[in-house]
Structures are given as C-alpha cells and as structure tokens.
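Every number for a ligand or one of its atoms is a count from 1 in the order of the listing. All heavy atoms count here, side chains included; hydrogens, waters and symmetry mates do not.
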Amino acid sequence: MQKILVTGGAGFIGSHVVRLLVNKYPQYHIYNLDKLTYAGNLENLRDVEHAPNYTFLKGDIVDTNFINQLFSQHQFDAVIHLAAESHVDRSIVSPMDFIYTNIIGTVNLLNAAKTTWLGNMAGKLFYHVSTDEVYGSLGDEGFFYETTAYDPRSPYSSSKASSDHLVSAYHHTYGLPIVMTNCSNNYGSYQFPEKLIPLAINNIKNKKAVPIYGDGKYTRDWLWVEDHAAAIDLVFHTGKVGQTYNIGGHNEWKNIDLINLLCSIMDKKLNRREGESAELITYVKDRAGHDRRYAIDATKIKNELNWQPSIQFEEGLERTVDWYLANDEWLQHVTSGQYQQYYDQQYGVK
Ligand code: NAD
Ligand code: TYD
C-alpha cells in the first residue's frame, strides 16, 4: 500500500484533495498532516474521518525534529504539500508566520523526503502546490506562462516563490523527484470566510456591508476547487517529474463584476428584491501593494495531460452559494472566536 502524506489537508483545497484521494484510491493510505491553524478545520473532513485508509496527524511543518521523526516512522512514498499560510491580507499584517510556514516548513519537508528516499528515489514524488501569485501582477493584457519570470510582490507570494525555488533547487541539486503546480484563485465549499467569495456570501446573507478594496477593478482568474483537486490528482499520477504546470480557469472577473453577479444570485436564493443585496457593496481602503490582475495560460496542462475545468463559473458560483446556505452550522463554527477578532482588526467593524 502506498503511503501518501498530504500536508494542510484540513484547509480549503487540502480537504478536497484528501476527500478525493481517500475515496478514489483505497489502495493508498492518506496521512493528513495539519497544524490546525485558524484555517484548518477537521469539520471539513467529517465524511472521510473514519475511512480505513485515512489518518489525521496533528503537527507543525516548521518543527524540524517532529517532521524528521514522522518521516522516519512512516517512510512515506509521496508528499502532496499544501500546508501554508495563504491569505495575502494576513501576510501584510504578520509576514513572519508566512516565512516560517511557507519557507522553513517547506525546506523541512524537502530535507526529510531527501533523507528518507536517499539511494532509492525511484517511484517517489514530492508534489508542491503553489500559486499564480508568484508571477506578480499583469496589466490589461497577457497571461502567466510556466516560463514567466517570478515577480512576487506580497509577503505571501514572496514566501510561496521562495518555497518554489527551493523545491526546484532540491530537484536540480539532489535529484529529488518533484512536480509543481501554480494555480489561480480557487472558490467553492469549505473556503474560510476571509477570502473574497465566502466573505461576501456570509455578509450578504447577514445583510452586512460587502467590502470592495480600491476601485473594485482588480481582476482574478477563478477556478472551481474540485477542478483544482482533479488537476492535482492528474498531475500527481501523470505529470512529468521536474516539471511545473499552470492551472487556471480561463475565467477572469473584475471583483466588482463578480460581486454583482453574486448579489443577483443571492437575491434569487434569499427571495430578496432584485438589487437589494448589491446595496450592501461598500468601497473600502485598498490593500497595500494590491496586484492588479492575474491570468493563467493553462495550455500546457491541457495539451500534455488533457486537463480542463469541468464547469462554468456561473454554475460553480451558484453551487457555492447553495453550499454555504445549506451549511449554516459550519459557517457559524468558523465565524466564531479568532476569526471574529481578526475580522474586526481588518475592517474595524463588527
Ligand atoms: P488554507 O489556508 O485554507 O489551508 C492551509 C492549511 O494549512 C490549513 O489547514 C492550516 O491549518 C495548515 N497549516 C498552516 N500552517 C501549517 C503548519 N505550520 N504546519 C502544518 N499545517 C499548517 O489554504 P488553501 O486555500 O487551501 O491553500 C492550500 C495551498 O494551495 C497553499 O499552499 C496555497 O498557497 C495554495 N493555493 C491556494 C489558492 C487559493 O485560491 N486558495 C490558489 C492557488 C494555490
Ligand atoms: P482574496 O480572496 O483575498 O484572494 P487573493 O488576494 O489571493 O487574490 O481576494 C480576491 C480579490 O478580492 C483581491 O483582488 C482582493 C479583493 N478583496 C476585496 O475587494 N475585498 C475583500 O474583503 C477581500 C477579502 C478581497
């Protein structure tokens, strides 16, 4: 039985990846290593927590001794590394958390994998999950390609860029079998409501102001999280060792247009007057160093591995709204405690 370590499996994307692997591959044992920071939530994995091929391990990837012991105990065959501090606004307030987890944590995993696999790298794989934000910010035209030079501009994207370079360095220097993907903005179920879409859904539902940074014309390329998880499964099994693949939805939206669409979906779902939710839109102070536009060219993964997104954005957004409205208990649990303190700090409102 293959032993696969997934890091950050209690987070948004990680929980979708764990669920997919546990259900699809009974011949694998999936170990989910997560520190359970504010973003890690085991309620995301309730449906698989008793599966015989699943084990949860609580721990910090920054803790070198713990990571070394874990690898020596379990002798993992592969790593799918998603654990990270992931929110740009938090990285502006507390950059060191990002440096420790995203850089030091990644190097700890690389070292442990290198030591464990030394002398027998065949069939082993270190899969590093990264972001399109490492490429920097685009103007009105153009796309990010796998060959685009890195130009990260926030503490978050810089820490992810550092980790990408280190993963690449361990491949070139030590022959560690790696593969890497850089994906655009994800949306869907189980996303912590500090990111734009779930934050807006929660606020619209509660008739609270929906904060739009700056002029609202910042552009993101949105991908359904289950399409990202499917791409990770595909790259894990068929990606070429040493390669990077960009993953994206060819689905660019200016923030204000996206929020207007969301408001109109929610007016219908909540039986509100057309235009009622849009009245909650409130322009607020811009994010420092806000990247203007991200857009992925996903031709390589489409041509080489035959991957493409499975659903249209409008359908995915409606499914996402349905999920948040049907999972009020989940939302209540994550919007209590620490999240509320952070929310007040960020927006200065209750
Ligand atoms: P998330 O913040 O929802 O989850 C991160 C998980 O990592 C949490 O469960 C958290 O508890 C865990 N974690 C954090 N620090 C840890 C540590 N020191 N040790 C062990 N576990 C720790 O993040 P996400 O949105 O699911 O993103 C997952 C990965 O995908 C990240 O590497 C991120 O950079 C990348 N990514 C995210 C997006 C997106 O739109 N969300 C897009 C592209 C790439
Ligand atoms: P976010 O979901 O934080 O993802 P990222 O910054 O990693 O792309 O933000 C998506 C976009 O929405 C980004 O341009 C910032 C903007 N935004 C707002 O306008 N208001 C908000 O309250 C948040 C959280 C984000």
Side-chain angles (χ1 to χ4, degrees), residues 6-18 32-42 44-45 57-63 66-67 80-92 97-98 100-102 104-106 108-109 128-134 137 154 156-157 159-161 163-164 181-188 190-200 203 209-223 225 228-229 232 246-248 253-256 258-259 281-287 289-294 296 334 343 346-347:
V6 177
T7 70
F12 166 49
I13 301 169
S15 62
H16 284 278
V17 170
V18 166
N32 170 16
L33 168 61
D34 200 296
K35 184 183 175 184
L36 298 183
T37 67
Y38 78 95
N41 184 353
L42 286 178
N44 298 0
L45 287 166
L57 305 162
K58 186 170 186 307
D60 188 344
I61 59 168
V62 178
D63 182 341
F66 166 75
I67 291 297
I80 305 180
H81 175 36
L82 295 109
E85 287 291 341
S86 69
H87 189 40
V88 174
D89 292 324
R90 286 181 189 258
S91 83
I92 295 166
D97 295 341
F98 290 69
Y100 287 122
T101 289
N102 298 359
I104 309 288
T106 300
N108 277 337
L109 293 166
H128 181 59
V129 175
S130 194
T131 166
D132 61 353
E133 304 193 24
V134 298
S137 180
S154 73
Y156 165 64
S157 55
S159 64
K160 290 296 291 186
S163 66
D164 292 11
T181 47
N182 294 75
C183 188
S184 64
N185 285 60
N186 284 214
Y187 71 97
Y190 298 108
Q191 188 169 29
F192 193 82
E194 65 181 350
K195 305 276 169 76
L196 180 66
I197 291 179
L199 182 143
N203 286 16
V210 178
I212 299 286
Y213 297 163
D215 67 1
K217 292 184 182 152
Y218 294 86
T219 302
R220 299 291 183 263
D221 171 2
W222 293 93
L223 180 70
V225 64
H228 187 190
I232 290 174
N246 281 353
I247 306 172
W253 287 79
K254 290 193 170 58
N255 293 338
I256 187 63
L258 187 163
I259 294 300
I281 293 174
T282 308
Y283 286 90
V284 300
K285 191 167 163 280
D286 209 348
R287 170 186 284 172
H290 199 166
D291 287 339
R292 192 63 172 167
R293 174 172 167 259
Y294 303 144
I296 280 280
V334 291
Y343 188 89
Q346 179 67 16
Y347 297 107

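Among all non-hydrogen protein atoms, the one lying nearest atom 25 (O) of ligand 1 is Phe12 CD2, 3.7 Å. Protein heavy atom nearest atom 4 (O) of ligand 1, with residue, atom name and distance: Gly11 CA, 3.4 Å. Distance from atom 19 (N) of ligand 1 to its nearest protein heavy atom, with residue and atom name: Ile61 N, 3.0 Å.
For ligand 1, the polar-atom distance check against Asp34 finds a nitrogen or oxygen pair separated by under 3.5 Å. Inclusion of Leu199 in the set of residues having an N or O under 3.5 Å from an N or O of ligand 2 is not warranted. Among the atoms of Thr101, some N or O lies under 3.5 angstrom from an N or O of ligand 1. Not one N or O of His228 is nearer than 3.5 Å to an N or O of ligand 1, by distance alone. For a threshold of 3.5 Å applied to N or O pairs, the pair formed by Lys160 and ligand 1 contains at least one separation below that value. Between Leu82 and ligand 1, at least one pair of N/O atoms sits closer than 3.5 Å. Considering backbone and side-chain N/O of Asp60, one or more are found under 3.5 Å from N/O of ligand 1.
For ligand 2, the atoms closer than 4.0 angstrom to any heavy atom of Pro211 are 18 (C), 19 (O), 20 (N), 21 (C), 22 (O). Those atoms of ligand 1 that come under 4.0 Å of a heavy atom in Ser86, given as number and element, are 1 (P), 2 (O), 23 (O). Proximity to Val88 (heavy-atom distance under 4.0 Å) selects the following atoms of ligand 2: 6 (O), 7 (O). Those atoms of ligand 2 with a heavy atom of Glu133 less than 4.0 angstrom away are 5 (P), 7 (O), 8 (O). Residue contact check: Cys183 has heavy atoms under 4.0 Å from atoms 42 (C), 43 (C) of ligand 1. For ligand 1 and Ser184, the ligand atoms under 4.0 Å from any heavy atom of the residue are 42 (C), 43 (C). Those atoms of ligand 1 with a heavy atom of Val129 less than 4.0 angstrom away are 30 (O), 32 (O). Atoms of ligand 1 lying under 4.0 Å from any heavy atom of Gly59, numbered from 1 in the order shown and given with element: 19 (N), 20 (C). Those atoms of ligand 2 with a heavy atom of Asn185 less than 4.0 angstrom away are 4 (O), 5 (P), 8 (O). For ligand 2, the atoms sitting less than 4.0 Å from at least one non-hydrogen atom of Tyr218 are 14 (O), numbered in the order shown with element in parentheses. Interface of Thr131 with ligand 1, defined as ligand atoms under 4.0 Å from a residue heavy atom, comprises 43 (C), 44 (C). Under a 4.0 Å criterion applied to the non-hydrogen atoms of Glu194, ligand 2 contributes the atoms 24 (C). Within ligand 1, the atoms closer than 4.0 Å to a non-hydrogen atom of Lys35 are 16 (C), 17 (C), 18 (N), 19 (N), 20 (C), 21 (N), 22 (C), numbered from 1 in the order shown. For ligand 2, the atoms closer than 4.0 angstrom to any heavy atom of Asn255 are 11 (C), 12 (O), 13 (C), 14 (O), 16 (C). When each atom of ligand 2 is checked for a heavy atom of His290 under 4.0 Å away, the hits are 13 (C), 14 (O), 15 (C).
A centroid separation of 6.0 Å or more is found between the aromatic rings of His87 and Tyr156. Aromatic pair Phe192/Tyr38: centroids less than 6.0 angstrom apart.
By the 30° and 60° cut-offs, the orientation of the rings of His290 relative to Tyr218 is parallel.
Glu194 CD to Asp89 CG: the interatomic distance, rounded to the nearest 0.5 Å, is 8.0 Å. Annotation: the span from Gln191 atom CD to Phe12 atom CZ amounts to 4.0 Å, rounded to 0.5 Å.
The minimum heavy-atom distance between Asp34 and Ala10, with the atom names listed, is OD2-N, 3.0 Å. In plain terms, the two heavy atoms of Trp222 and Leu196 that are nearest each other are CZ2-CD2, 4.2 Å. The two atoms that bring Ser159 and Phe98 nearest to each other are CB-O, 3.7 Å, heavy atoms only. In plain terms, the two heavy atoms of Pro198 and Pro193 that are nearest each other are CB-CA, 3.8 Å. Across Lys58 and Phe66, no two heavy atoms sit closer than the pair O-CZ, 3.8 Å. Closest approach of His128 to Ser163, counting heavy atoms only: NE2-OG, 3.2 Å.
In this comparison of Ala84, Ala83, Gly8, the heavy atom closest to atom 14 (C) of ligand 1 sits on Ala84. Nearest to atom 36 (N) of ligand 1 by heavy atom, out of Asn186, Ile296, Ile13, is Ile13. For the residues Thr37, Val62, Asp97, Leu36, the heavy atom positioned nearest atom 13 (N) of ligand 1 is part of Thr37. Taking all heavy atoms of Arg220, Arg292, Arg293 into account, the minimum distance to atom 8 (O) of ligand 2 is reached by Arg220. Relative to atom 23 (C) of ligand 2, the option among Trp222, Tyr283, Trp253, Tyr213 with the closest non-hydrogen atom is Tyr213.
The closest approach between a heavy atom of Asn185 and any atom of ligand 1 is below 4.0 Å. At least one heavy atom of Tyr156 sits less than 4.0 Å from an atom of ligand 1. Ligand 1 lies out of reach of Gly105, whose nearest heavy atom is not under 4.0 Å from it. Residue Ser130 places a heavy atom under 4.0 Å from ligand 1.
The number of heavy atoms from other shown groups lying within 6.0 Å of OH (Tyr100) does not exceed 12.
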Practice task
Determine, step by step, whether Thr106 and His81 satisfy the side chain to side chain donor-acceptor pair (under 3.5 Å) criterion, reporting the C-alpha distance in whole Å, the side-chain angles of both residues, the deciding distance to 0.1 Å, and the verdict.
Solution key: CA-CA 8 Å; Thr106 300; His81 175 36; 2.9 Å; yes

Practice task
Show your working on side chain to side chain donor-acceptor pair (under 3.5 Å) between Asn108 and Asp63 and close with a plain yes or no.
Solution key: CA-CA 8 Å; Asn108 277 337; Asp63 182 341; over 6 Å; no

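Among residues two or more places apart in sequence or in another chain, the side chain to side chain donor-acceptor pair (under 3.5 Å) test is passed with Asn255 by none. Every residue meeting the side-chain contact (heavy atoms from CB on, under 4.5 Å) condition with Ala84, not counting sequence neighbours, appears here in chain and number order: Asn102, Lys160.
Checked by atom type and distance alone, the side chain of Thr282 never pairs as donor or acceptor with a backbone atom of Pro211 at under 3.5 Å.
Residues Val284 and Ile212 fail the side-chain proximity criterion, which asks for heavy atoms closer than 4.5 Å. When side chains are defined from C-beta on, Asn246 does not count as touching Asp132, because their heavy atoms never get closer than 4.5 Å.
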